[in-house]
Novice: 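There's a structure below that I have some questions on.
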Amino acid sequence: MSTNPIPPLHLYSVPSDPQPAVEAPPKRERPRTAWTADQLMAADFPEPKWAVPGILAEGVSLLAGPPKVGKSWLSLGLALAVASGGYAFDSLPVDGGPVLYLALEDTPRRLQTRMGKMLGGQAAPAGLTLVTECPPFPQGGSDAISGWLDRNSDARMVVVDVFAKMRGPAPQGVSAYDADYVAVTYAKRIADHYGIAVVLVHHVRKMASEDFLTEVSGTNGIAGAADATLVLKRARGQADGILHVTGRDVDEAEYALKFQAASGAWHMLDGPVTDHTIGDTRAAILRHVRENPGVRPRDVVASLPDVDADTVRRYCSRMAEAGQLTKDAAGRYYPDTPHPEVSQVSDCPVTSTDLPEGTGHPGTPSVRLSDANPERTAQ
């Protein structure tokens with residue numbers, strides 16, 4: 001009988017049988033953690049490695065949103081794009097590499113159905129490993145993920161869908177903030193050690209807020225421990241969702257997204273979010289002012305024969321109040337702010353660092369995630 005305390009539920013995906021002896025991966029150099037000021041300023045550090053340029057850098061990224069908004073479709077689409085070296089959101093080219101996707105709320109049949117819809121007849125990438133069962137981080141999950149990363153040294157991303165299934169029980173005697181912070185730290189240790197992006201799919205609380213960071217479910221310890229936070233919110237107008245992004249290595253930005261129901265894919269819309277969340281009349285005024293900066297409302301009226309002059313003047317005034325247009329003292333209107341720029345993918349080498357012995361909870365048994373690609377493991 002096995003002495004592994006992990007419940008049998010995990011056994012078919014995390015084998016408990018003795019595994020053939022494999023060559024130990026090369027020991028990673030322990031990262032330096034202290035400098036004098038002059039040494040630090042003289043040091044050369046590689047740029048962050050991007051899984052998705054401008055949106056997902058190495059480190060822990062929290063992807064939060066309300067239930068059923070499409071987070072799993074979005075994260076699975078990103079996993080397919082990175083694993084195949086394709087285009088994220090149908091528009092951003094990404095460097096390909098192995099991806100581990102922990103679909104802890106899905107069944108294999110549902111995953112197959114979703115991927116079949118998203119792939120549209122294209123071959124599924126062998127670099128994407130999908131797992132439907134994994135123990136929580138402190139109960140062997142960290143070691144299981146680390147084991148997969150050791151066997152896939154060129155991996156670029158790990159997706160945990162959902163974070164609640166992996167965080168494990170809160171340590172006794174600590175505050176809710178500290179418990180949330182510790183839970184995310186398990187994932188951050190893995191991300192920092194292997195220099196990859198770890199995406200934790202999470203929920204937002206019911207109460208809306210102007211600051212999307214405060215909408216993340218739980219205490220501030222969750223967003224505080226993560227390197228970046230992405231919140232997917234429902235939108236109106238032409239956009240189905242707005243992705244708000246902020247983080248330590250990521251510029252704060254927001255992107256308008258369109259959900260393609262036929263393919264199950266999220267598509268990034270061109271231009272500022274406001275272009276896709278305002279009404280048709282405002283969108284037409286905005287386009288005319290961009291093409292003709294410095295125009296007055298009477299000039300806009302000529303381009304909108306179906307809208308009366310008073311409505312155009314009222315709309316222009318309200319759009320200036322909302323920051324969608326700029327108005328000078330002479331009553332001329334100008335476009336809003338430039339389009340947000342997307343950061344470029346860094347091709348800097350990844351710094352391999354050493355993980356302290358056991359990335360999981362001390363004393364927990366080492367578990368091994370199933371390999372979807374035995375050939376890769378053999379290599």
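Start at 1 with the first residue, then count along the sequence.
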Novice: So Arg296 and Asp299, salt bridge (charged side-chain N to carboxylate O under 4.0 Å, His left out) or not? Walk me through it.
Specialist: CA-CA 5 Å; Arg296 291 183 169 82; Asp299 303 316; 5.5 Å; no

Novice: More than 12 heavy atoms of other residues, nucleotides or ligands under 6.0 Å from OH of Tyr315: is that the case?
Specialist: no

Novice: Evaluate whether atom NZ of Lys165 has more than 12 neighbouring non-hydrogen atoms of other residues, nucleotides or ligands under 6.0 angstrom away.
Specialist: no

Novice: Provide the closest heavy-atom pair for Lys71 versus Leu232 in the form atom of the first, atom of the second, distance.
Specialist: N-CD2, 4.3 Å

Novice: Given side chain to side chain contact (heavy atoms under 4.5 Å, CB included), test Val216 with Leu62 step by step and report yes or no.
Specialist: CA-CA 9 Å; Val216 175; Leu62 199 66; 3.6 Å; yes

Novice: Do Asp328 and Tyr333 get their side chains close enough for a donor-acceptor pair, meaning under 3.5 Å?
Specialist: no

Novice: Begin with the C-alpha distance, continue with both residues' side-chain angles, and end with the deciding distance and a verdict on side chain to side chain donor-acceptor pair (under 3.5 Å) for Ser146 and Asp143.
Specialist: CA-CA 5 Å; Ser146 297; Asp143 289 338; 5.2 Å; no

Novice: For residues 107-126, which residue pairs pass the side-chain hydrogen bond (donor to acceptor under 3.5 Å, both in side chains) check, not counting sequence neighbours?
Specialist: Asp106-Arg110

Novice: Would you say Asp308 and Thr311 are linked by a side-chain donor-acceptor pair, where the criterion is simply a distance under 3.5 Å?
Specialist: yes

Novice: Suppose clustering is done on Ile, Leu, Val, Met, Phe, Trp and Tyr with side-chain heavy atoms closer than 4.5 Å. Which residues sit in the same group as Tyr181?
Specialist: Tyr177

Novice: Does a side-chain N-to-carboxylate-O contact under 4.0 Å join Arg167 and Asp180?
Specialist: yes

Novice: Ignoring hydrogens, what is the shortest heavy-atom contact between Thr326 and Pro335? Give both atom names and the distance.
Specialist: OG1-O, 3.8 Å

Novice: Do the non-hydrogen side-chain atoms of Thr129 and Tyr101 ever get within less than 4.5 Å of each other?
Specialist: no

Novice: For Ala256 and His276, work out which heavy atoms get closest and say how close.
Specialist: CB-CD2, 3.7 Å

Novice: What distance do Asp249 atom CG and Ser61 atom OG have between them, rounded to the nearest 0.5 Å?
Specialist: 9.5 Å

Novice: Would you call Leu56 and Leu230 a side-chain contact if the rule is heavy atoms closer than 4.5 Å?
Specialist: yes

Novice: Is Glu58 salt-bridged to Arg156, cutoff N-O under 4.0 Å?
Specialist: no

Novice: May I ask you to say whether Asp240 pairs ionically with Arg234, meaning some side-chain N is under 4.0 Å from a carboxylate O?
Specialist: no

Novice: Quick one: are the ring centres of Trp266 and Phe89 less than 6.0 Å apart?
Specialist: no

Novice: Do Leu111 and Pro108 have side chains that get closer than 4.5 Å, going by heavy atoms?
Specialist: no

Novice: Taking His202 for the side chain and Ser217 for the main chain, is one N or O donor matched with an acceptor at less than 3.5 Å?
Specialist: yes

Novice: Using distance alone, with no hydrogens and no angle criterion, decide if Gln39 and Thr36 have a side-chain donor and acceptor under 3.5 Å apart.
Specialist: yes

Novice: What verdict does the side chain to side chain contact (heavy atoms under 4.5 Å, CB included) test give for Val231 and Leu243, after you've listed the backbone C-alpha separation in whole Å, the side-chain angles of each residue and the deciding distance to 0.1 Å?
Specialist: CA-CA 6 Å; Val231 176; Leu243 185 64; over 6 Å; no

Novice: Write down the atom of Ser303, the atom of His288, and the distance for their closest heavy-atom approach.
Specialist: OG-ND1, 3.2 Å

Novice: Examine distances only and state if a side-chain atom of Ser75 and a backbone atom of Ser72 form a donor-acceptor pair shorter than 3.5 Å.
Specialist: yes

